[in-house]
Enquirer: 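Shown below is the structure under consideration.
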Amino acid sequence: MKKTVFLGALTAAGLVGGAAAAATLDDVKARGTLNCGVTTGLVGFAAPDANGVWEGFDVAVCRAVAAAILGDPTAVEFVPTTGKTRFTALASGEVDMLARNTTHTFTRDVDLKFDFVGINYYDGQGFMVPKALGVSSAKELDGATVCIQTGTTTELNLADFFRKNNISYEPVPVETNAEGQQQYLAGACDTYTTDRSGLAATRAAFENPGDHVILPETVSKEPLGPLVRHGDHEWEDVVRWTLNALIAAEELGVTSANVEELASGPTNSPEINRLLGTEGNLGEMMGLDSDWAVRAIAAGGNYGEVFAKHIGESTPVGLDRGLNAQWTDGGLLYSPPFR
């Protein structure tokens, strides 16, 4: 009898815990807006424009998720976070997800109790210096002062790189990219270090970008991607598969220009049909309707469109696809199958 009661109590506790954990999707639907944690401002990735409208590569992921769930890519409340405050904002429930050039690491996944839903940018840490400094390699930075954002993997990688090369440095701690940019331009540090994409974005905002050089070394692996809290698997699925929808759409040739036409009836591609909801019931499996991916793709385009618009070679940030090319083009970008 005692065993039955005990097992019953465990089952009840599990059901209550599961219901509490799986609340984010319901909360977002009831609220009518997605609360998305972003950076405090990084050109090309997440920054408000002249009218105060947030734009960027990471912002596009937030808008795609909002479009998938709510049918409105503008139904997003963007919450600026620093390297230190981002994890507290997510853990406390202030934001529903983070899309903030955040590196997937063991401790962030396991110890901080977050789940990374995928990688939207494969990156690595680098160093930027004034061209006038005359430095051509990061190994020549012995004794340099280094502007470094606190609360980031960049701090740890910096220490590892200088230790490994038996050279010294003096850190100049900064809280945000804007502060790092200001300190660097003011000459408070010899070099600024962060993800190479972040350096390119930062340099793009300079009055004279050509006066600054990003050194050739890539000193770490920085797989950047959106993340959510542990335990809410339904919500995790929605965010993960929205990102995958953008990646798969590029591979399958589905764009913001043709998605509505392709979704108007079955095509000769079974996977496009499943992705766009003209076959199967993938949306229903996640608590969404059949057009969720259509809206996500229409919001800002497929992955390639988003990349080209915000950070690609024709933008001031000027990044090539590199590792972020589709796997069919020699890159690492790869979505699991929609089946």
Side-chain angles (χ1 to χ4, degrees), residues 12-39 46 54 56-82 84-105 107-120 224-247 277 281-297 299-300 335-336 338:
L15 288 173
V16 171
T24 309
L25 180 58
D26 292 337
D27 286 349
V28 171
K29 287 179 176 179
R31 191 191 307 134
T33 55
L34 170 71
N35 295 332
C36 198
V38 291
T39 183
W54 283 84
F57 182 74
D58 286 333
V59 165
V61 176
C62 305
R63 295 203 185 280
V65 172
I69 300 166
L70 302 169
D72 182 1
T74 68
V76 186
E77 183 69 31
F78 291 100
V79 180
T81 62
T82 68
K84 282 186 173 180
T85 64
R86 56 184 163 175
F87 298 129
T88 303
L90 181 58
S92 68
E94 181 185 357
V95 299
D96 304 309
M97 59 178 285
L98 277 183
R100 192 204 171 282
N101 56 307
T102 299
T103 304
H104 187 166
T105 69
T107 52
R108 289 172 177 179
D109 190 337
V110 177
D111 191 39
L112 295 185
K113 308 300 183 190
F114 297 130
D115 286 321
F116 285 79
V117 301
I119 298 167
N120 70 330
L224 310 178
L227 57 156
V228 297
R229 290 178 291 279
H230 260 344
D232 191 340
H233 300 301
E234 184 180 26
W235 177 243
E236 181 184 340
D237 286 341
V238 169
V239 181
R240 170 180 290 113
W241 285 97
T242 299
L243 174 59
N244 284 337
L246 303 186
I247 295 170
N281 63 338
L282 299 188
E284 183 184 337
M285 293 178 188
M286 298 193 298
L288 303 178
D289 63 17
S290 60
D291 292 331
W292 66 277
V294 176
R295 294 191 299 271
I297 297 161
S335 169
F338 279 78

Enquirer: Rounded at 0.5 Å granularity, tell me how far CG in Leu282 sits from CZ in Phe338.
Expert: 7.5 Å

Enquirer: Just by distance, do the side chain of Arg86 and the backbone of Thr81 share a donor-acceptor pair under 3.5 Å?
Expert: no

Enquirer: Hey, are the side chains of Arg108 and Leu227 touching, using non-hydrogen atoms and a 4.5 Å cut-off?
Expert: no

Enquirer: Could you tell me whether the side chain of Lys29 reaches within less than 4.5 Å of the side chain of Ile69, counting heavy atoms only?
Expert: yes

Enquirer: Side chains of Thr102 and Phe87: closer than 4.5 Å at any heavy-atom pair?
Expert: yes

Enquirer: Does some side-chain heavy atom of Asp96 sit less than 4.5 Å from a side-chain heavy atom of Arg31?
Expert: yes

Enquirer: Return the OG1 to CZ distance between Thr39 and Phe78, rounded to the nearest 0.5 Å.
Expert: 13.0 Å

Enquirer: Taking all heavy atoms of Leu25 and all of Gly287, pick out the closest pair and write down the distance.
Expert: CD2-O, 4.5 Å

Enquirer: Taking the side chain as every heavy atom from C-beta outward, state whether Thr24 and Met97 have any atom pair closer than 4.5 Å.
Expert: no

Enquirer: Given 3.5 Å as the limit, does a donor-acceptor pair link the side chain of Arg229 with the main chain of Ala91, or not?
Expert: no

Enquirer: Distance-only, no hydrogens or angles: does the Asp289 side chain make a donor-acceptor pair with backbone N or O of Trp292 under 3.5 Å?
Expert: yes

Enquirer: Measuring from Leu112:CG to Thr105:OG1, what's the distance to the nearest 0.5 Å?
Expert: 7.0 Å

Enquirer: The test is side chain to side chain contact (heavy atoms under 4.5 Å, CB included); show your working for His230 and Asp109 and say whether it passes.
Expert: CA-CA 8 Å; His230 260 344; Asp109 190 337; 3.7 Å; yes

Enquirer: Rounded to the nearest 0.5 Å, what's the gap from CG on Leu224 to CD1 on Ile119? Could you check?
Expert: 8.5 Å

Enquirer: Taking the side chain as everything from C-beta on, heavy atoms only, tell me whether Val79 gets closer than 4.5 Å to Arg100.
Expert: no

Enquirer: Looking only at non-hydrogen atoms, find the nearest pair between Val65 and Trp235 and report the distance.
Expert: CG1-CH2, 4.1 Å

Enquirer: Quick one: CG on Asn120 to CD1 on Ile247, what's the gap to the nearest 0.5 Å?
Expert: 7.5 Å

Enquirer: Gly32 and Ala75: which non-hydrogen atoms are nearest, and at how many Å?
Expert: O-CB, 3.6 Å

